[in-house]
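Accompanying notes for the structure given below.
No hydrogens, no waters, no symmetry mates; every other heavy atom, side chains included, goes into these values.
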Protein chains: 2
Amino acid sequence: MARPETRRSEGQERGAGLERIRDAAIELFGRHGVKGTSLKAIAEHAGVSPALIVHHYGSKDGLRVACDQHVAESLLAIKTDAVRQGPQLDPVGMMGQLVEYRPMMRYLAKTLVDGSPHVNDLVDQIVKHAEQYTEDGVSAGLIKPSAHPRARVVVLVLFSLGTLVLHQHLKRLLGVDLVEGDGPPAAYLQAVMEIYSEGVFTPGTYENLRSYVEQLGEESDAKGGNDERD
Amino acid sequence: MARPETRRSEGQERGAGLERIRDAAIELFGRHGVKGTSLKAIAEHAGVSPALIVHHYGSKDGLRVACDQHVAESLLAIKTDAVRQGPQLDPVGMMGQLVEYRPMMRYLAKTLVDGSPHVNDLVDQIVKHAEQYTEDGVSAGLIKPSAHPRARVVVLVLFSLGTLVLHQHLKRLLGVDLVEGDGPPAAYLQAVMEIYSEGVFTPGTYENLRSYVEQLGEESDAKGGNDERD
DNA sequence: CAGTATGCTGAATGGACGTTCAGTTAGGGG
DNA sequence: CCCCTAACTGAACGTCCATTCAGCATACTG
């Protein structure tokens, strides 16, 4: 090779590596999973050499941690930020509509399952946030009070995150894409809203199940295997 | 059926390989994911050599397909089988309590995300099953009728599968383990039941959101294209 | 008993991967 | 200008992995 004045072939500048690498990693980790993505692939996607990634992040795992942190911070920032979505029916479900955050949503959907500390922190804070949000809703008379407030919030958040994780199935079964769709996932939101508004069981069923479930509660109390958190 | 008494090194019998290998694979795939499990590890866990796995299943992917099939068939069998659990509040959530199926639950929880044809089929059939089950419930007056029956069923199934997939988080946040727990996941079931019985939103909120969500439905029907929201 | 199919293995192969390293290029401050 | 630092690379290394292969041992068949 001759010695060109600018060695970067196409518009690539020196020093833009760190973020570019991290974003490429989030993109590919989100699409093919961490184990399914090689440093070489990330390097190509970012227009750098594999060695540079290690130089910057120490190791593949170091890069993964950096991605975790960045995704957690970013998503938490816009969550805390504002109620950007009108009524926040299903915050997590709606967030995929914000185009800029789609790669992070994909990343979340993939990494929520193999559990890293930072992603766990993110989930914890989403729950915490939802707890506050729910309490406010109860005070404002928008949300019904609950006999098990914390458990309800946790379950609601996991419902929401769960459908995000399983968005491929939602797409296949309902034709609604939480991550790639170009509009609000209407059919999904309609169903969710109906469930959360009207419930699913009839009042009679409620009464029948109540005794059964309360009995469960007593059993597990007797066993003493339940620890309250925070 | 009588097996000859050939002693292998340590209690291992000849010819017991196929199932033993497949079960070991389900166990390890479920614990560490498919990409995170080597044939060597499976071989050791099954007490055979890696070569034998390939001999039987052709390739790692062949083994994976066999696992998919077996898990799908088994779980579908007991689902179709009977209502073994008293009131089937959350069939998927409760199924992990059946000790014999725990490895399969773990396997499901891991592989639901990276989507294989057989697992997709399984999900489809669970939905189909739930659709029937729900219709019956409606007829019997136990379950409220829905304006979007199919969407509601899909969402309910994905809620259930979603919490299964995220069972580690449920464990961390609520101390309830859907897969390893030794009793019914009481706190989880209580919350689920409350949500499904009473709903979450107050009637007033319902009315407010109704117009919003129905508007979504119209938009997606008309499909105008870009929607900018502040 | 001979022959063959089958369960099974150890060793070898080739490729992919994460990581290391020596060295090159550019930039900025003295 | 020189030197220091930091970005960056190609090549090499060692490891792990899925897969192949030749061959052994056992069981079945005629």
(message) Between C1' on C:dT19 and CD1 on A:I53, what's the gap in Å once rounded to a whole number?
(response) 12 Å
(message) If you assign B:H56 and A:G58 each to the DNA chain C nucleotide with the nearest heavy atom, which residue ends up on the more 5' nucleotide?
(response) B:H56
(request) When you get a sec, tell me which of C:dT9, D:dC8, C:dT19 is the closest nucleotide to the side chain of A:L52? (result) D:dC8
(request) Check every atom of C:dT19, C:dT20, D:dA18 against the side chain of A:A51 and return the nucleotide holding the closest atom. (result) C:dT20
(message) Between A:E27 and A:R106, does any NZ, NE, NH1 or NH2 come within less than 4.0 Å of an OD or OE carboxylate oxygen?
(response) yes
(message) Between A:H32 (side chain only) and A:F29 (backbone N and O only), is there a donor and an acceptor less than 3.5 Å apart?
(response) no
(message) Just the rounded figure in Å: distance from P of D:dA11 to NE2 of A:H55.
(response) 20 Å
(message) Can you measure A:I21 atom CD1 to D:dT9 atom C1' for me and round it to whole angstrom units?
(response) 12 Å
(message) From C-beta outward on B:V54, which listed nucleotide comes closest to its side chain: D:dT9, D:dT20, C:dG18?
(response) D:dT20
(message) Rounded to whole Å, please give me the gap between NZ in A:K40 and C1' in C:dT19.
(response) 16 Å
(request) Would you mind telling me which of D:dA7, D:dA18, C:dT19 lies closest to the side-chain atoms of A:P50? (result) C:dT19
(message) What's the separation between atom CG in B:L166 and atom CZ in B:R172, rounded to the nearest 0.5 Å?
(response) 10.0 Å
(message) By the side-chain hydrogen bond (donor to acceptor under 3.5 Å, both in side chains) test, which pairs, at least two apart or in different chains, include something from residues 43-69 of chain A?
(response) A:R64-A:D68, A:D68-A:Y107, A:D68-A:S116, A:Q69-A:H118
(message) Counting only side-chain nitrogens and oxygens, does A:K60 get under 4.0 Å of the OP1 or OP2 atom of C:dG18?
(response) yes
(message) Between P on D:dT20 and OH on B:Y57, what's the gap in Å once rounded to a whole number?
(response) 17 Å
(message) Using 0.5 Å steps for rounding, measure from the CD1 atom of A:I126 to the CG atom of A:L76.
(response) 7.0 Å
(request) Starting at atom CD of B:E44, determine the distance to atom P of C:dG10, rounded to an integer number of angstrom. (result) 11 Å
(request) Return the value, rounded to whole Å, for the distance between atom CZ of A:R22 and atom C1' of D:dA7. (result) 17 Å
(request) Provide, to the nearest angstrom, the distance between the CZ atom belonging to B:R64 and the P atom belonging to D:dA18. (result) 14 Å
(request) Sequence neighbours left out, what passes side-chain contact (heavy atoms from CB on, under 4.5 Å) with A:A130? Give chain and number order. (result) A:V153, A:V157
(request) Among D:dC8, D:dT9, C:dG18, find the nucleotide with the atom closest to the side chain of A:V48. (result) D:dT9
(message) Here's a test for you: under side-chain contact (heavy atoms from CB on, under 4.5 Å), which of B:T111, B:D124, B:V71 qualifies with B:V119?
(response) B:T111
(message) Counting only side-chain heavy atoms from C-beta out, which of C:dC17, C:dT19, D:dG10 sits nearest to A:S49?
(response) D:dG10
(message) For the helix from C:dC1-D:dG30 to C:dG30-D:dC1, what angle separates the axis at the start from the axis at the finish, each from five pairs, in steps of 10°?
(response) 10°
